[in-house]
Amino acid sequence: MIIVENLTKKYGEHTAIDRLNFHVRKGEVVGFLGPNGAGKSTTMKIITGFMAPSEGIARVGGFDVFENPIEVKKRIGYLPETPPVYADMLVRDYLTFVAQLKGVEGASLKTFVDRAIEKTHLGAVQKRLIQNLSKGFKQRVGIAQALVSNPEVLILDEPTVGLDPKQVAEIRDLIRELRGEHTVILSTHILPEVQATCERIIIINHGKIVAQDSLANLSTLKSGSRRVHLKVRKANADLQERLKALPGILAVVSTSPQDWQIDATESEDVIERVASEVIKNGAGLLEITSARADLEEIFLKLTYGNEAGGLA
Amino acid sequence: MKKIWIIFRKEWHGFLFNPNFLVVCGLITAVLSWVYPNALRAFKMQIETSVYAGSLPQQQLNIHYGVFLRHLSFINLMLILIVPALTMRLFSEEKKMRTFDLLLTSPVTSAQIVIGKYLSALAAIGAVIFLGFLYPALTAFFANINWMTLIVAFGGIFLVAAVYAAMDLFCSSLTESAIVSYVMAVVFNISVWFVGMGVDVVDSPAARAVFEHISLNQHLSGFVEGTVRTTGLIFFASLIFLFCFLSERVIEASRWRS
Ligand SMILES: Nc1ncnc2c1ncn2[C@@H]1O[C@H](COP(=O)(O)OP(=O)(O)O)[C@@H](O)[C@H]1O
Ligand SMILES: [Mg+2]
């Protein structure tokens with residue numbers, strides 16, 4: 001659906017993105033993850049035809065973004081970093097305007113506008129002036145505007161930035177609902193966002209792709225290991241040694257007398273073995289979790305790792 | 001075509017619900033309602049005295065010259081300040097509020113955007129000029145007027161305003177600030193009158209001919225006297241085209257720069 005090859009953008013001397021290559025299949029939800037200034041917005045602006053690259057190509061639905069910009073733009077719904085809303089318009093009129101601009105006409109116009117309003121829960125404010133809406137609502141109008149023409153491809157640049165936690169959860173639910181129906185690229189600099197919504201992640205740093213894979217694969221990326229969090233009531237002195245002696249365990253670190261972090265090679269029964277060992281030890285097992293969250297660490301390692309001399 | 005209409009309609013609604021436009025309309029009505037009756041009264045006095053003296057030239061006794069022409073040049077003067085106020089937001093606001101991103105990522109061409117916005121500006125200016133037209137038109141209740149001449153004269157003013165609109169729209173496309181756009185546009189509008197003044201300054205007949213041709217005033221005066229000249233139409237149309245084309249280029253360039 002989306003093909004990006006050797007995409008490069010230079011702002012004067014400064015290279016914002018450097019020979020990016022990636023594909024997005026139809027119906028996929030892909031997270032574009034990277035710290036601020038990594039080049040996420042730049043990439044999205046090029047894919048949407050907002051600006052031209054210095055080099056390389058981008059194709060959407062088989063159309064080259066520069067040879068056939070109109071065809072590409074018909075297929076894309078785009079939420080830029082700042083929602084592009086007209087303060088002096090009513091929410092409903094605005095969405096109707098955007099739909100018409102994208103070429104929706106006739107009977108589907110009202111249907112499409114109604115659907116976008118419903119999906120983004122804007123029903124209560126549809127007759128209000130956009131300038132009187134809160135930031136969260138404006139952001140939702142921005143998302144509605146991207147959805148309203150029912151485009152094949154949705155490009156959302158930091159869709160949840162500036163929202164309160166409840167609104168963030170709503171938007172994430174909405175994005176999950178879009179899966180399968182639309183091809184979605186969303187950018188973010190916070191990891192939980194992609195974990196909550198995406199099937200695949202592209203991690204970008206300093207304008208280069210440092211990793212791209214499915215969420216599951218990335219969790220074990222490079223380390224080939226997994227981490228287990230363990231909480232016990234009262235650890236006996238030899239617990240650390242006994243755990244270390246188990247097959248497949250790489251490291252055991254206690255973060256507090258009760259909390260332990262265990263790194264193990266990737267294998268199915270690590271949790272089982274650790275659990276039974278703790279019980280045998282009589283330490284009082286309170287909690288044991290496989291640490292998916294350690295993607296955070298991988299993300300940090302990949303992005304900030306080089307500067308910090310390696311966090312691992 | 002359809003896209004132009006969609007953009008036109010959105011901008012036109014924008015004018016109708018924008019206090020700016022309504023304030024401009026209110027202001028122009030207030031000013032003209034004060035100036036116009038005064039002009040009429042002065043004209044009446046002039047006629048009355050001339051009846052006794054019998055000395056005034058025939059031309060000045062014609063209401064078209066005695067009242068309407070002054071009214072027209074007064075409207076023209078106001079348009080120099082009003083048109084920029086109507087056009088200043090059209091592009092600069094979009095850039096500032098980042099709504100331009102929406103237009104530039106929608107399946108519309110830069111030309112469609114410019115034409116749609118330009119036509120909406122014309123509609124707003126048309127409304128303002130119509131307000132000005134009402135005054136002489138209402139005079140018809142108690143004076144004989146030559147409708148054709150009046151309409152052609154107002155058509156001429158509309159064309160001049162259309163030239164302002166094209167230049168001022170271009171100014172708006174150059175900046176993110178409505179204020180900067182306004183000031184720049186007023187300077188543009190005033191300076192085209194100065195270009196025309198070259199006619200009175202230069203000596204060589206060739207240069208004179210050139211200035212005569214590029215003088216807005218020369219072309220307008222034909223209309224104001226009630227005659228439509230093709231050279232005038234072509235001159236106005238080419239200026240409008242030139243500045244709309246320049247705006248289109250500026251927008252197209254913004255897609256390629258950064
Ligand atoms: N218009 C611009 N002119 C010059 N440099 C820019 C411009 N836009 C972005 N940059 C630079 O390009 C890099 C990538 O920016 P951006 O794509 O906005 O990153 P992200 O969206 O990942 O935070 C940054 O270093 C930024 O400073
Ligand atoms: Mg960004």
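Below, chains carry the letters A, B, ... as their sequence lines are ordered, and counting in each starts from 1.
Note: B:Met97 CE to A:Thr82 OG1 = 9.5 Å, rounded to the nearest 0.5 Å. Between the OG1 atom of A:Thr48 and the CG atom of B:Leu102 there is a distance of 11.0 Å, given to the nearest 0.5 Å. With values rounded to the nearest 0.5 angstrom, A:Leu129 atom CG is found 9.5 Å from B:Phe17 atom CZ.
When all heavy atoms of A:Leu101 and B:Val108 are compared, the pair lying nearest together is CD1-CG1, 4.0 Å.
Side chain of B:Lys2 to main chain of A:Gln100: no donor-acceptor pair is present (N/O by atom type, distance under 3.5 Å, no hydrogens or angles).
Between B:Lys10 and A:Met89 the shortest side-chain heavy-atom distance falls below 4.5 Å. Within the 4.5 Å cutoff, no side-chain heavy atoms of B:Thr99 are placed close to those of A:Val85.
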Practice problem: Please step through side chain to side chain contact (heavy atoms under 4.5 Å, CB included) for the pair B:Thr105 and A:Ile76, ending with a clear verdict. | Solution: CA-CA 8 Å; B:Thr105 56; A:Ile76 287 186; over 6 Å; no
Self-check item: side-chain hydrogen bond (donor to acceptor under 3.5 Å, both in side chains) between B:Glu93 and A:Tyr86, worked out
Solution: CA-CA 10 Å; B:Glu93 188 94 341; A:Tyr86 293 100; over 6 Å; no
Self-check item: Worked verdict on A:Lys102 versus B:Ser106 for side chain to side chain contact (heavy atoms under 4.5 Å, CB included)
Solution: CA-CA 6 Å; A:Lys102 300 270 163 128; B:Ser106 293; 3.5 Å; yes
Quiz item: Can A:Phe97 and B:Ile6 be said to form a side chain to side chain contact (heavy atoms under 4.5 Å, CB included), step by step?
Solution: CA-CA 7 Å; A:Phe97 168 66; B:Ile6 291 163; 3.8 Å; yes
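If you measure heavy-atom distances from A:Val98 to chain B, the contacts under 4.5 Å come from the side chain alone. Heavy-atom distances place no part of A:Glu81 under 4.5 Å from chain B, backbone and side chain included. At a 4.5 Å heavy-atom cutoff, A:Glu71 makes no contact with chain B through either its backbone or its side chain.
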